[in-house]
Structures are given as C-alpha cells and as structure tokens.
Trainee: 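This is the structure I have questions about; it appears just below.
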Number of protein chains: 2
Amino acid sequence: MENIQFPTISLDQFPTMPADPDRRRGLSRALYEEFRARIADGTYAAGTPLPSSRALAAERGLSRGTVTLVYEQLAADGFIDTRPGAMSRVAEGAVASLRRAGGARQERDEAGRVAGRLSAVGRRIAAMGIRDAGPTAPAEIDFVYGPLAGGDFPTQTWLKALRAVERQRVHRLEYEDPRGNLVLRRALQTHLSRTKGVSCSVEQIMIVNGSQQALDLCARLLVDPGESVIVENPGYRMAHHAFEACGAKLLGVDVDEHGLRTDALAALGPARVAYVTPTHQFPLGSFMPMARRSALLAWAARRHAWIIEDDYDSEYRYSVRPEATLLSLDRRGCVIHVGTFSKTLSPQLRLGYMVLPQTLVDTFVAAKRVADRHAATGLQRALAALLDDGSYDRHVRRMRRLQQARQRALTDALATHFGDRVRIEGAASGLHLVAWIPGLPASAEPALVQAARERGVRVYPVGPLYLPVRARSRTTMQRPAGLVMGYALLGTDAIEDGARRLLAALNALESRDNVQVDKA
Amino acid sequence: MENIQFPTISLDQFPTMPADPDRRRGLSRALYEEFRARIADGTYAAGTPLPSSRALAAERGLSRGTVTLVYEQLAADGFIDTRPGAMSRVAEGAVASLRRAGGARQERDEAGRVAGRLSAVGRRIAAMGIRDAGPTAPAEIDFVYGPLAGGDFPTQTWLKALRAVERQRVHRLEYEDPRGNLVLRRALQTHLSRTKGVSCSVEQIMIVNGSQQALDLCARLLVDPGESVIVENPGYRMAHHAFEACGAKLLGVDVDEHGLRTDALAALGPARVAYVTPTHQFPLGSFMPMARRSALLAWAARRHAWIIEDDYDSEYRYSVRPEATLLSLDRRGCVIHVGTFSKTLSPQLRLGYMVLPQTLVDTFVAAKRVADRHAATGLQRALAALLDDGSYDRHVRRMRRLQQARQRALTDALATHFGDRVRIEGAASGLHLVAWIPGLPASAEPALVQAARERGVRVYPVGPLYLPVRARSRTTMQRPAGLVMGYALLGTDAIEDGARRLLAALNALESRDNVQVDKA
C-alpha cells in the first residue's frame, strides 16, 4: 500500500554526488514538481501560506538559493503569489494554470523543440503529478507506513530457497505461463484455502508484480474512459491512480467503523467497478461486517459491476475474527481478489497475486502476457519453496508477534501520553493505525507534521488519502487532524520516544495563537 | 522476442494430473481456443482442411473423443464445415462468426449468468486470441527461437551475486524509484556507453520487467485508439499486440535486406509511432544501414512521431560492424531505445531496460509506478554486481562464441544437405536465422512443420509473423515457405541431425502429388 511521504520527498537520491550542477538541477526540479503535485491534489489550496525559503532550505538540507529559484519559477508560472515582506501563498488561479501547463508541457522538449505527443492515458498520468518519493532523508524516528524493516526479512531462509532453485537443472529457460509458475500457484492455492478459506482452481490464480499490477490490469481491462469506479474515501490513492489513468471517474464513498458505507451506493449512478479493502480498510482500519459484504455483493449484482477485493494485510490480524472474504461469498463470479507478499516478506520482491473469476481468466492471461509476459521465475520458485516447507508460515507467525508488540507499544504510548487528546482507529490488525487529534482541525496537519519533524519524528497526515473535494460524496464531514502511523520500522523504545516527541510537537502547536506553517 | 509455438500449444501443462475431468476440460478448451486463434489470425483461412481427428489426437497425445468433441463444438459455432466421409474444413464465414462470438462471449459466465463487462482494451485483448503456449511437449530436436539453454546460464556467478546482495544489511525495505535501482542504472549507463556508444543520463534509464513491458508502456502512453503505428512486416507480433491492445491501427511496411523500407513511408498517412528492430530485424535478420536510419529519423521529424528502437540482441554480432543506434543519431528526442537481458542471461529473469527522451521521463516514471511500482530489487542488484565486476561481459563473450558455433553448424548443415533448396537470411547476428525454401509455396508451411514433427523435429513457420492481409501494405509479394530457426537450445550434433531430418521431411512433402495436411 501507499508509502505516504507527505510532505517530504526525495531530495537525497544521489547522496554520493554532492554538489554537481546536475544534482542541483534535479533537486530544484523535484521541489518544483512537489509543489505542483500538492497544488494539483488539493493539499495546498489557494491561499495556503508557503514556508519561508530559509525554513524550507533548512528542513530539506538545500541551499536557500535553490529554494528561492523554485519559488521564483512557481511565481513565474502563476502557481504562487509572492510579495516582498509578506508570506508567499498559493495563487487563486493555481489549479487552472496547472491544467493549462500540464496540457501544453508535453509538446516540446527542454530545448523547445517539438517532439511527439502523449496519448490520453499518458496525458492523464502526466497530469496526476505522481512522484515517487524514493529513499528519504533519514529521520530519527519514522512512523512511515509501507516499508518493512530489513532486519525482519528472513534472509537465510530466502537465500537457501534461492540456492536450491538456482541449482535445479532446467533444460529450457523459456517464457512461462503468464499466470506464473505452476508450483507456486499450487502452493498458493493450498495456502489460500487454509488461511483465507478461499476455494479456487490453480487456473484462477495469477501471480503479479505486486498488487499494484493487479489493480492496473483490472483498471485497463474493466474500465472505459468516463465510466465510474466506486472507491473508499479516504482510501488507497495508488489504486485510485490506476483507475484515473484509464480515464475513470472516481466516486468516493465515505468510510465508517464498518468500512465502506454501502447505504450510500444506491444514491450513486452506475459504476463499472467497486474497489474495496474490506478486511482492513486503508487507511482507517475498519473491518467490514457480513451485512455490508452482502449489501455490496447485491449492489454489484444489480449494477453488473465488478468488485476488487484488496486484501493487503490480513496476515496481521490481532483481535478480529477472520470473516469470509468477498471472494468466498461471491456466487456470480464478479469478485477479483488481490493479495500481496509486500507486507509479509518485502515490498522489493514485487510479488502479489490475484484470484480471478473464471470468465476473466483468458483475458487477464492474455493481458498479462502483453504487459510483461510473466513474473520473474526464480523469485516465484523460491517463494513456492517457502510456502511448501512451512517456513513462510513460521515467518508470518514471527512477524505477527513482532508487529503486534510494536503496535501495542504505540497504542500504550499514545494512551499514556495523550490521554483523550488522541483517538485511535484501526488497531485490530495491520501494520498501521490512525491517530485522530480531536482538538486540532484537519487544516493543521501540515503544521503538526512540521512541528514533529523539528523534533526528529516523521509522521504522515491522513489528508492526502482523501479524494480531492469535487470527487467526494456529499456526506463528507468536518474531521479533526489525523495521522497514519506505521510502526513496522521501529523498536518499542523508539515508538515510546516518538510518541513523547509527538506530544511535545502538539503542545508547541497548541500553545501558539495561530496555527500557521511559516515560522520564519 | 516471440517464442513461436505454432502449430503446437500447451496441452501438457499439468503432467502430474493425468486423467481427471478438469484436465480433460482444460485440454479440449485449449484445443478449441487454438483453432479459434488460428482462424482469427488468418493462419487457417476459409477452406483450409483440418487434420483428421485420429491424426490430431495421436500428435497431441489426446483421446480421439476429445478431438471429436472439439470439432463438433467448432462446427456448432459455425467455424468449420464437417461432412461425413470428407475432410473437415474451415468454414467460409468463420472469421465473421468469430467476431460475433468474441463480442458476445464476455457478457456471461460459464453457467450463463450475467457478470460484468470488459473495457474496450479488455475486449480488444480478448479478441486477439493470444494464448501463451507455456511449456510444450518435448520434441527430439527443437529449433525454437526464444528460450535459452539452462546449461548456458551462469548459475554460480548469479548465485554468488544473489548471496552478496541478500547479505548486505538494508535498514528499510521500501518501494524504490520506478526507474529501478540506481546502482544498476549507473552500471548500465557505463555499459551502454561502452558497448553501444549510447550517451544518456541515469535519469533517462528505466529498468522494466523485460522489454515487453517497455513496449506496453510505450503503447499506452503514446498511442490513442484509432491512431496508426508503423510496424515491420513480417515483424515481432508481441510488440504489435501491445499496440493493438491500445486500439492502434497497424500499418505494416515491407522489409528487405536493409530492414524497413523507408521509401514506403511517404505514401502512408500520419502515424504516431514507428516500431523498428534496426540492428537485427525480427524475424528476417537484416541490418538497417545509415541512409535508412537517417530517412526514418527525418520521417519522424516531419510527422512528429516517436520511434521505438528495439535492440533485442545486438550482443550477438558475428559479422556486422556495429552501427550507431537510432538513439545516438536522434537530435530531437524522439527515439525510445529498448533492450533486454532475456537473450544474454534468461527470459525468466524478466529484466529489460529503456532509454527515454528527457521529455518523456516524468510521464514514464509515473506510469511505471502506477503499473507495478518498480522491478524486483534483488534481481536488479545482482545484475548490477555482474555488470560492475566484469562477469556479465565475460558471460556475453562466452555466449557469443557458443551461439556462433551453433549458428555455423546450422548454416553448414543447411548448405550441405539442402544446397540451393534453401536460402538463408539474417545469419550475420542473433540467435536465429530464416531458412527460405524457394521450391515450396508459403501455403505449404503447416504441412512442412507437420512432416518435420513426424520426424522428431520442431520447426516454426514465418507465416504467423506476417500481419493479417488487410493490414499489409500493397507491396507485399508472393513468398516461398520459410522457417524461423533458432539454435540456442541445441548442440552442434543435434543441429546437424535436425537439418538432415528436415530434409527428409521436405523430400517426403515434395514427393506427394498434393500437399495437404490430412494424412489419415
């Protein structure tokens, strides 16, 4: 799932190339693009004050000249207003300027020469302002969600499996079935049956390069430009981007303590697909009870819609009873079930899977073949070995204990230090929770993030996981500030320490008369 | 590149599950779909006689009942005509029936229940009739192109690199830059500069899951439905499929001994992209001289078109001087250069790369992130180690010697046994050549393949690499039968033996009064 990186981005991708001009150009470009992206996604609304160039330079470890240059360029492009002696602010017409610039920008290369043109898909993706954060400058204590700790990876077991696989003599190194290695699919079939109660044939299982590829294939094969897709709001933005790339209109539906509000579906127009995370709603962590599951399936039947069930972390169940997956409840063949090994082994393996309805198998197989043939064979065979000899199960049990201990340390620390100044949501499973701060408005999230950053703690606001306003349903209400807190990288001491520092940040923020970003 | 599998497909994917009903259903379905696909792609034109059910059953190791069932279904669906006592033939209206069936088929699942619908992309992919062959039943001597010999893979070197990589302690296992691992991109930048004279920044290099993903990304980001794409005819069909999936209209341009006939471009309408293999045209093997390279670049400049330069096997140059890549000649930033490690290491690694024009970098990075985040990190780091310590270079040199010896064995054997009954094309480089048989018409290719198969030799016709007739340019002429002969799996003795058996097959074929498929 999303490695939430707001508001810091990668300015340190080339740590070994300190001061050459190319790097500086890269850094200023990255900063410029970050502002564009944040304006585009609504995080920086019109009128939002920008940090002073001095403060931003200090925070990012940039020269002040670099930041000034970026601000000048943003002003020249009409995205921000600057006045001498006053704070720079996001300009009123910034979003409109951005659209114009996005459209025209592709036609010419850097020297102004006319090159080719992008397709509609390309233009949509270019306009999304997606930037991969890449490795970030280390913070003392990082409550990031997404990465796993290198020390938790079962290196010896994995190496043993890789060695065994590579030493098996294979006569032909040839392209495989696009669904992936048959040995892995068989092992996975057994595993899914045992752990999730999923009953499917090996033909319905397709190994993908991480669950993101599953979402991308679904978007391409199921959604035409202009068609609607139901998504949770807040939700997993990387899934949303896959649908948006295909020209889908996102219909955001509110989420409460029981997941997607299925009662809101009837009021919405037709939709081709509903994308849901019923086992552990991302990011709010709620679990969808049976009544809503049935309601969602009934809606899909009425609308002839597909349901994508993204089960990204059900391995980490601490205090919820396993419920039947949507896939198991599906009698019409409309559910596509998606899973991943990014949360149990490593996101860098790029291994996920989908369980397809029988009617979709042929088309998805053909599409996967056209997309990239199949997933890397050696990795698949090594994973199959781990599943077959029980070492994957042992690893998952160990990880579950580890992550639960971290999560308890976090909930304990938050309860101890914050009392009723935080409300914890979604702590029944997974690798993250949401900490709401009822005393702080949502608009103060960037300031809280910044105050924490000054105390060596990196936290991530909920804000960027909400859809831009126009795509939200009417029922969206005022909400307090919230943080998505991951704990997979941290020891229990660091978690306790981090919670204390975060409290200090909150206190500092509340002691000010005005919550504002600029502290110059 | 294409693992040409005509006319055999995978009927033996589940060798350990011999006789259960699911398997039989899978087999008959596969056979049915194979016929549909061959009718759709024009290989089986109207009137083509089908093999008798007995002969086909024997060849495929199926029960005769299974084949009879498939023939009955094909007849019921209007794809073939059967008359008692006479050969079954492809029906006159087969292609039209196919189109009707293809459109309607997606609406209902196997039980006839209405499920959801496919997008236009999904429907196009479903209609292509692409089926991955998967592992095929072993032939004694297989002149397949695509797979590499398992024994040629540098297992020890690779394992050493994997071990070193896995043992490096990494603090955070996190999502990487979508372009791929920076260490690999740096190593590749140096490698490309040294081996291909390519000068580019590490920012322009993107690691992809095999070159197929590069083609798929190009198709999605550069081509809108209804736009034209220039392709070589015959050419690499898997590239064509990527464009077709996006709704592109393929404009096939003839190929001669100097590659794509650039003189034919002026007569064609506007096109968004030209896809070419200038270093070693697939499949005919010609090398594009400088004059045509310049003409192609000039055409792209006039048309504001992109050029995709697929350099899939320039590591295997035997008797041609390296020529400047289109990328190096490009002054406008319109060339996208694509390469792969599938021909030097293994197609199962799924590692390829693209060198992007600066103007396209941001969009392709965002698209790769949405598509599947990035390529698997461990494999990339192991490959970087091989590039950095010189073992990749040593391996390529070893492979070049090996493949050249195999190729010489094949050209020698063909010259010795066939004399002027074959004309060899494209033997200056690569892992395959084309053997034309001037005495045999193109329509006899399936019969030749079949006759060879009876003698334990698997060969692959050129036919399926040509575009369907309506997409061909006017200049397409009558051609003799031709075979794409790969030699990467074979020892020199097997090559010599295979050539002898192929001669026997040709002799048998020519001694018959009528060349026909049915020998029952």
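Here is the naming used below: chain letters follow the sequence lines, and residue numbers restart at 1 for every chain.
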Trainee: Rounded to the nearest 0.5 Å, how far apart are CE of M128(B) and CD of E244(B)?
Mentor: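 M128(B) atom CE to E244(B) atom CD measures 5.0 Å (nearest 0.5 Å).
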
Trainee: For chain B, find which of A371(A), A242(A), A120(A) contributes the most heavy-atom pairs closer than 4.5 angstrom.
Mentor: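 Of the candidates given, the most pairs with chain B belong to A371(A).
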
Trainee: Is there a donor-acceptor contact under 3.5 Å from the side chain of R369(A) to the main chain of P178(A)?
Mentor: no

Trainee: Can you tell me how far CG of L356(B) sits from OG of S201(B), rounded to the nearest 0.5 angstrom?
Mentor: 9.5 Å

Trainee: Is it the side chain or the backbone of R169(B) that comes within 4.5 Å of chain A heavy atoms, both, or neither?
Mentor: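 Interface part for R169(B): side chain.
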
Trainee: Checking the side chain of S211(B) only, and the main-chain atoms of A214(B) only, is there a donor and an acceptor separated by less than 3.5 Å?
Mentor: no

Trainee: Select one option (side chain, backbone, both, neither) describing which atoms of R272(A) are under 4.5 Å from chain B's heavy atoms.
Mentor: side chain

Trainee: Side chain, backbone, both or neither: which part of Q156(A) has a non-hydrogen atom closer than 4.5 Å to chain B?
Mentor: side chain

Trainee: For L159(A), is it the side chain, the backbone, both, or neither that has a heavy atom closer than 4.5 Å to a heavy atom of chain B?
Mentor: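 Just its side chain gets close to chain B.
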
Trainee: Taking side chain to side chain donor-acceptor pair (under 3.5 Å) as the test, write out the residues that go with D372(A), two or more places apart.
Mentor: N209(A), Q213(A), K368(A), N209(B)

Trainee: For L379(B), is it the side chain, the backbone, both, or neither that has a heavy atom closer than 4.5 Å to a heavy atom of chain A?
Mentor: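 Only the side chain of L379(B) comes within 4.5 Å of chain A.
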
Trainee: Counting only heavy atoms closer than 4.5 Å, note whether A300(A) contacts chain B via side chain, backbone, both or neither.
Mentor: neither

Trainee: Evaluate the side-chain contact (heavy atoms from CB on, under 4.5 Å) criterion for residues L360(B) and W306(B): first the C-alpha distance (whole Å), next the side-chain angles of each, then the deciding distance (0.1 Å), finally the verdict.
Mentor: CA-CA 11 Å; L360(B) 290 181; W306(B) 304 101; 3.6 Å; yes

Trainee: To the nearest 0.5 Å, what is the distance between CD (E203(B)) and CG (L182(B))?
Mentor: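 Separation between the atoms: 9.5 Å.
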
Trainee: Taking side-chain contact (heavy atoms from CB on, under 4.5 Å) as the criterion, tell me which of L222(A), T359(A), D224(A), V223(A) meets it with L118(B).
Mentor: L222(A)

Trainee: Heavy-atom distance under 4.5 Å to chain A: side chain of E227(B), backbone, both or neither?
Mentor: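 Side chain only.
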
Trainee: What residue, out of L217(A), L215(A), L489(A), has the most heavy-atom pairs lying under 4.5 Å from chain B?
Mentor: L489(A)

Trainee: L349(B), V273(B), L148(B), D152(B): which one forms the most heavy-atom pairs within less than 4.5 Å of chain A?
Mentor: L148(B)

Trainee: Can you tell which part of I336(B) gets under 4.5 Å to a heavy atom of chain A, answering side chain, backbone, both or neither?
Mentor: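 Neither part; nothing is under 4.5 Å.
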
Trainee: If you count heavy-atom pairs under 4.5 Å between each of H374(A), R167(A), R124(A) and chain B, which one has the most?
Mentor: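 Among the listed options, the one with the most contacts to chain B is H374(A).
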
Trainee: Who wins among L351(A), I125(A), L162(A) for the most heavy-atom pairs under 4.5 Å with chain B?
Mentor: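 Of L351(A), I125(A), L162(A), I125(A) has the most heavy-atom pairs under 4.5 Å with chain B.
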
Trainee: Is a side-chain donor or acceptor of S119(A) paired with a backbone partner of R220(B) at a separation under 3.5 angstrom?
Mentor: yes

Trainee: To the closest 0.5 Å, what do you measure between CG (L345(A)) and CH2 (W158(A))?
Mentor: 6.5 Å

Trainee: Using non-hydrogen atoms only, which part of A239(B) is less than 4.5 Å away from chain A: side chain, backbone, both, or neither?
Mentor: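 Interface part for A239(B): neither.
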
Trainee: Heavy-atom pairs under 4.5 Å with chain B are the metric here; pick the option from A488(A), A376(A), A219(A) that has the most.
Mentor: A376(A)

Trainee: Taking H171(A), R163(A), Q212(A) one by one, which has the highest count of heavy-atom pairs under 4.5 Å against chain B?
Mentor: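 Sorted descending by pairs with chain B, the first entry is Q212(A).
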
